[in-house]
Amino acid sequence: PAQRRRLESSVYSEMGWFLVKNRKVLWDQISEFTSMRSSGQAFTPELIARWTRESEPLLADLRERLDRTVESLEKTMTPQQREILKRDLESLERRQAWIDEMRRRWADGGWEPRDWGLEKDPAYANWKSNPQQLRHQRRRAARQAARERRALIEAVDETLWARYVRQFVRKYQLDEGQNRTAYSILRELQVRARDYKQSRRKEIEHLPRHKLATDPLGEPLKRMFAELKARLEPIPTAAQREAADGKMD
């Protein structure tokens, strides 16, 4: 009974904070899902790819909370209970590996209706008669996924931030003084990023860039990159902005 109470207390606490922290993603995706289903709209590979990528930090947070709960419970267990828990966790890991593989395919635009048991749903009838439509949507989703992966990696790799600044300088044709200001901001943020990575070196050094991009450890780096972009925005004059907009038109 004491173990049960401890487990229930831990689960309620972790899930409460999980819902608070991730409420926006959960609310947005559930609302979009129910709206589309109620109106009979078909899900697309692009939409599922976006949902999958958006929910990656959410699942990483959930796994971290699960590990913390298990670690706390294990301390109260007998050797026999630990052996049962070990078998259960191994089974969970196998299921999770299968889910992760499916999610990798979905994130790259490889979702199809049968993955969710929707192959007989009327909303997807035209996909059977026109398979080219599905292939086109998958290719488009894959291209978008590649663009977003590059953007995520850029956000956590300070060595790539200079490329953003170079593109910004060229876009607005910044003069020498503006150029110095832009690169001064870049160097400041890069130093802060390297200091952060050094402070968390043992946790970060084994994470490849694409993993760091979706791991909570990458969030401070993303905020720094967002700060870099925000601090660059006031540099161009109104005339430079107008000229840049004219070229885009």
Side-chain angles (χ1 to χ4, degrees), residues 20-29 46 49-61 63-64 104 107-109 140-249:
V20 169
K21 180 179 179 180
N22 300 286
R23 61 187 181 279
K24 185 179 187 308
V25 173
L26 288 167
W27 176 257
D28 289 348
Q29 293 197 358
E46 288 177 285
R50 174 168 62 80
W51 282 353
T52 303
R53 293 192 295 272
E54 288 175 348
S55 63
E56 193 59 39
L58 180 150
L59 290 184
D61 180 46
R63 289 165 189 163
E64 183 179 335
R104 278 192 290 271
D108 287 337
R140 193 165 58 188
R143 289 194 295 269
Q144 178 62 26
R147 285 193 294 270
E148 292 197 14
R149 274 197 301 272
R150 288 195 295 270
L152 280 173
I153 289 173
E154 181 181 36
V156 298
D157 187 346
E158 74 282 358
T159 64
L160 299 178
W161 295 354
R163 180 174 60 190
Y164 180 87
V165 175
R166 286 195 301 272
Q167 292 171 344
F168 189 89
V169 169
R170 285 198 300 268
K171 177 180 178 181
Y172 293 109
Q173 294 295 296
L174 300 186
D175 62 31
E176 185 176 345
Q178 292 171 317
N179 195 21
R180 284 197 301 269
T181 300
Y183 278 95
S184 175
I185 295 170
L186 169 65
R187 287 191 294 271
E188 176 195 332
L189 270 298
Q190 284 180 323
V191 168
R192 283 167 51 187
R194 289 163 187 156
D195 287 346
Y196 168 72
K197 285 184 174 179
Q198 181 60 30
S199 71
R200 308 297 294 271
R201 180 174 58 83
K202 291 184 179 179
E203 299 162 277
I204 290 177
E205 63 182 354
H206 301 302
L207 284 176
R209 291 186 307 174
H210 70 281
K211 288 289 186 182
L212 180 60
T214 56
D215 191 280
L217 285 167
E219 291 305 313
L221 296 166
K222 293 178 185 177
R223 288 195 292 271
M224 291 179 205
F225 186 48
E227 180 184 339
L228 168 67
K229 293 191 286 186
R231 290 172 64 182
L232 291 177
E233 281 304 312
I235 295 177
T237 65
Q240 287 170 321
R241 291 189 175 280
E242 186 175 349
D245 291 341
K247 289 180 180 178
M248 291 175 63
D249 294 340

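No experiment lies behind these values; they were computed from the predicted model shown. All values below were derived from every heavy atom in this structure, side-chain atoms included, with hydrogens, water molecules and symmetry-related copies excluded.
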Within this structure, what is the CG-CG distance for the pair D215 and D61, rounded to the nearest 0.5 Å? 10.5 Å

Starting at CZ of R53, measure out to CG of D108 and round the result to the nearest 0.5 Å. 8.0 Å

Taking ring-ring contact (aromatic ring centres under 6.0 Å, His included) as the test, write out the residues that go with F168, two or more places apart. Y172

Considering all heavy atoms, the nearest L217-E203 contact: CD1-CB, 3.7 Å

In the structure I gave you, are the side-chain heavy atoms of Q178 and T237 within less than 4.5 Å of one another anywhere? yes

Shortest non-hydrogen separation from A107 to A49 and the atoms involved: O-CB, 3.7 Å

Where do L174 and N179 come nearest, in terms of heavy atoms and distance? CB-N, 4.3 Å

Would you say R23's side chain and V20's backbone share a donor-acceptor pair under 3.5 angstrom? yes

Does a salt bridge link K211 with E56, judged by any charged N lying under 4.0 Å from a carboxylate O? no

E46 and R50 ion-paired at < 4.0 Å: no

Chi angles and distances behind the side chain to side chain contact (heavy atoms under 4.5 Å, CB included) call for D28, E54: CA-CA 10 Å; D28 289 348; E54 288 175 348; over 6 Å; no

Looking only at heavy atoms, what is the nearest atom pair of V156 and K222, with distance? CG1-CG, 3.9 Å

Identify the two heavy atoms, one from W161 and one from L221, that lie closest to each other, and give their separation to 0.1 Å. CZ2-O, 3.7 Å

State the CD-CE distance between E219 and M224, to the nearest 0.5 angstrom. 11.5 Å

Measuring from K197:NZ to R192:CZ, what's the distance to the nearest 0.5 Å? 14.5 Å

Greater than 12 external heavy atoms within 6.0 Å of E176's CD: no

Minimum heavy-atom distance A162-Q190, with the two atoms named: N-NE2, 4.4 Å

Check: Q29 side chain, L26 main-chain N or O, donor-acceptor pair, under 3.5 Å: no

When rounded to the nearest 0.5 angstrom, what is the spacing between OG1 in T181 and CD1 in I185? 6.5 Å

Rounded to the nearest 0.5 Å, what separation is found between the CG atom of L228 and the CD atom of E233? 10.0 Å

Mind checking salt bridge (Lys or Arg N to Asp or Glu O under 4.0 Å) for K229 and listing every partner two or more places apart, or none if nothing turns up? none

Quick one: list whatever passes ring-ring contact (aromatic ring centres under 6.0 Å, His included) with Y164, sequence neighbours left out. F225

